[in-house]
Asks: 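Sharing a structure here in structure tokens format.
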Protein chains: 2
Amino acid sequence: MPVQASTDSPLRTRRGDETRKRLVTAATATLIEQGFAGASARVIADRAGVNQGLIFYHFDSVVGLLLAALDAVSEARAVRYGEAVAGVTSPMGLVDVATSIFEEDLEAGHVAVLVAMISGAASTPGLGEEVAKRIAPWTAFARDAISGALEGSPMGSVLPVDEVAYAVVALYLGMEMLTELDGDRGPAEALFSRAGTLAGLLMAFGGSAPGFPAAEAGS
Amino acid sequence: MPVQASTDSPLRTRRGDETRKRLVTAATATLIEQGFAGASARVIADRAGVNQGLIFYHFDSVVGLLLAALDAVSEARAVRYGEAVAGVTSPMGLVDVATSIFEEDLEAGHVAVLVAMISGAASTPGLGEEVAKRIAPWTAFARDAISGALEGSPMGSVLPVDEVAYAVVALYLGMEMLTELDGDRGPAEALFSRAGTLAGLLMAFGGSAPGFPAAEAGS
DNA sequence: GTCTATACTTGGATAGAC
DNA sequence: GTCTATCCAAGTATAGAC
């Protein structure tokens with residue numbers, strides 16, 4: 001791993017930065033399209049158009065690069081989540097935002113990266129722990145969205161937030177796997193619109209949540 | 001692939017059968033513990049205590065063996081499902097049986113085999129289609145159980161059986177991934193007891209299902 | 001600091017022995 | 001029909017050039 005980006009040669013680090021960026025991008029794409037088992041040093045390096053050995057210089061190992069790719073996706077998503085939640089006031093609005101953002105995640109392949117890394121963790125000692133850390137943004141976001149939607153609903157007493165959040169994240173991972181398997185995004189899409197219906201139903205039962213207009217954001 | 005088990009030498013096929021069985025067992029265990037990426041010919045053969053080349057003689061390729069392992073698990077499960085459903089009369093009983101059977105699947109690692117093969121499908125051309133075929137028992141069983149539980153419930157009109165079945169299977173796969181990741185089976189267990197509560201709630205709303213005693217099987 | 005050419009290891013597959 | 005010894009490709013990693 002290159003350590004010092006010392007004062008006298010900023011141009012040299014430029015080239016390194018470019019290489020690292022290309023590798024992370026290629027690694028992400030490879031994880032999405034070929035999964036963990038298909039993400040070898042040679043395949044990724046070819047895709048990035050760089051020498052295969054650079055992976056070990058810049059990231060120590062293939063797994064190191066894959067974790068960097070997961071980092072990039074996770075951080076980008078955490079930022080996106082923060083932005084999206086900022087403009088929301090009502091519980092129903094939160095549900096709308098959450099479903100559309102999660103749909104975005106599935107579509108763009110962010111969940112595919114997660115799935116690939118989790119399944120890869122089974123074969124690589126110590127990887128599981130590292131991956132677990134990086135799932136925090138997703139879990140936290142799910143918990144926030146659900147917590148907002150559940151309070152004021154009669155279901156709030158029978159459905160603990162943590163359990164529902166766990167179930168939602170699991171549901172996402174599973175939907176991604178099934179979608180990859182048969183190449184059909186249809187069932188997953190159908191579940192999204194269904195989620196909106198159900199959430200509306202729950203809210204209607206609850207009634208007296210503060211600041212609750214009839215309908216918020218579209219779709 | 002060995003074709004004819006001809007009349008004159010039944011002893012010879014015995015040895016082959018034994019080898020095949022050992023390989024399938026070892027492949028299953030390896031998929032559960034190491035995932036698809038860790039299921040190499042050498043690792044599996046070592047575990048089975050046989051020469052690595054036998055995999056290619058008996059199953060053509062490593063993937064061929066892994067599919068045979070998936071076949072064995074799928075068929076065993078289909079039988080188990082049939083037995084379990086046979087002794088059930090009420091919708092609530094069906095829900096009880098389904099949850100306890102699915103819990104059994106998670107515990108024994110059957111879902112882990114599924115997860116491993118699905119994630120492996122991303123890296124191996126043509127494998128996805130083969131895996132998809134073999135998931136049929138699970139999907140069908142889920143659909144039957146849900147269909148029985150949903151009719152007579154007011155949710156039946158707003159929740160199509162196919163969608164719920166898809167969601168349940170996805171939920172299973174996702175729970176398995178999360179369980180593998182942090183090694184904690186707790187959240188999944190919690191969701192199972194929660195499922196019982198929810199199903200009971202739905203039934204209570206529906207009321208007039210035919211043959212509906214207060215409570216059926218235990219747990 | 002960055003990169004390339006090369007060494008070494010593991011994995012898939014088969015020719016030929018029994 | 002069953003199995004073993006052997007081959008070749010692909011994968012990871014590093015020594016050394018720039």
Side-chain angles (χ1 to χ4, degrees), chain A residues 1-24 26-27 30-31 34-68 120 123-127, chain B residues 1-24 26-27 30-31 34-69 116 120 123-127:
Chain A
M1 191 84 89
V3 179
Q4 59 175 10
S6 63
T7 52
D8 55 341
S9 60
L11 279 168
R12 294 231 168 149
T13 36
R14 285 281 167 82
R15 247 167 84 75
D17 283 351
E18 171 67 14
T19 302
R20 276 185 284 273
K21 196 183 168 191
R22 290 177 69 83
L23 281 173
V24 168
T30 306
L31 278 176
Q34 318 273 353
F36 185 90
S40 74
R42 285 183 147 86
V43 168
I44 296 171
D46 280 359
R47 181 163 207 150
V50 303
N51 186 291
Q52 164 267 142
L54 287 174
I55 288 173
F56 302 92
Y57 168 65
H58 285 295
F59 300 95
D60 277 354
S61 66
V62 174
V63 169
L65 169 57
L66 299 181
L67 279 174
S123 67
T124 310
L127 181 54
Chain B
M1 193 82 91
V3 179
Q4 59 174 11
S6 62
T7 51
D8 56 342
S9 60
L11 279 169
R12 293 235 168 142
T13 36
R14 285 281 169 79
R15 249 168 81 77
D17 283 351
E18 172 66 16
T19 300
R20 276 185 284 275
K21 196 185 168 189
R22 290 178 69 84
L23 280 172
V24 167
T30 305
L31 278 176
Q34 317 273 355
F36 186 89
S40 75
R42 286 183 145 86
V43 169
I44 296 172
D46 280 358
R47 182 163 206 151
V50 304
N51 186 290
Q52 164 266 140
L54 288 174
I55 289 174
F56 302 92
Y57 168 65
H58 285 295
F59 300 95
D60 278 355
S61 67
V62 174
V63 171
L65 169 57
L66 298 181
L67 279 173
S123 66
T124 310
L127 181 54

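Just so we're on the same page: letters track the sequence lines, and every chain starts at 1.
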Asks: Does A:A26 offer a backbone N or O that forms a donor-acceptor pair with the side chain of A:R47 under 3.5 Å?
Replies: no
Asks: Does the side chain of B:R15 get closer than 4.0 angstrom to OP1 or OP2 of D:dC3 through an N or O atom?
Replies: yes
Asks: Do the non-hydrogen side-chain atoms of A:F59 and A:V24 ever get within less than 4.5 Å of each other?
Replies: yes
Asks: Take the protein atom CG of B:D17 and the nucleotide atom C1' of D:dT2, then report the distance between them rounded to whole Å.
Replies: 12 Å
Asks: Between C:dT10 atom P and B:Q34 atom CD, what is the distance in whole Å?
Replies: 15 Å
Asks: For C:dG1, does OP1 or OP2 lie under 4.0 Å from any side-chain N or O of A:H58?
Replies: no
Asks: Between A:F36 and B:S123, is there a side-chain heavy-atom distance shorter than 4.5 Å?
Replies: no
Asks: Rounded off to whole Å, could you give me the CZ-to-P distance for the B:R14 and D:dC3 pair?
Replies: 14 Å
Asks: Using 4.0 Å as the upper bound for N to carboxylate O, is an ion pair formed by B:R20 and B:D17?
Replies: yes
Asks: Which pairs, protein N/O on one side and nucleotides 12-16 of chain D N/O on the other, fall under 3.5 Å?
Replies:
| residue | atom | partner | partner atom | Å |
| --- | --- | --- | --- | --- |
| D:dT12 | OP2 | A:A41 | N | 2.8 |
| D:dT12 | O4 | A:R42 | NH1 | 3.1 |
| D:dA13 | N7 | A:Q52 | OE1 | 3.1 |
| D:dA13 | N6 | A:Q52 | OE1 | 3.3 |
| D:dA13 | N6 | A:Q52 | NE2 | 2.8 |

Asks: Answer yes or no: does a side-chain N or O of A:T19 lie under 4.0 Å from OP1 or OP2 of C:dC3?
Replies: yes
Asks: Can you check the A:L23 CG to C:dT2 P distance for me, whole Å?
Replies: 13 Å
Asks: Where the side chain of B:T124 meets the backbone of B:L127, is there a donor-acceptor pair that is under 3.5 Å apart?
Replies: no
Asks: Please tell me if the side chains of B:F56 and B:V62 come closer than 4.5 Å, counting only heavy atoms from C-beta onward.
Replies: yes
Asks: Tell me the interatomic distance from B:F59, atom CZ, to C:dT14, atom P, rounded to whole angstroms.
Replies: 17 Å
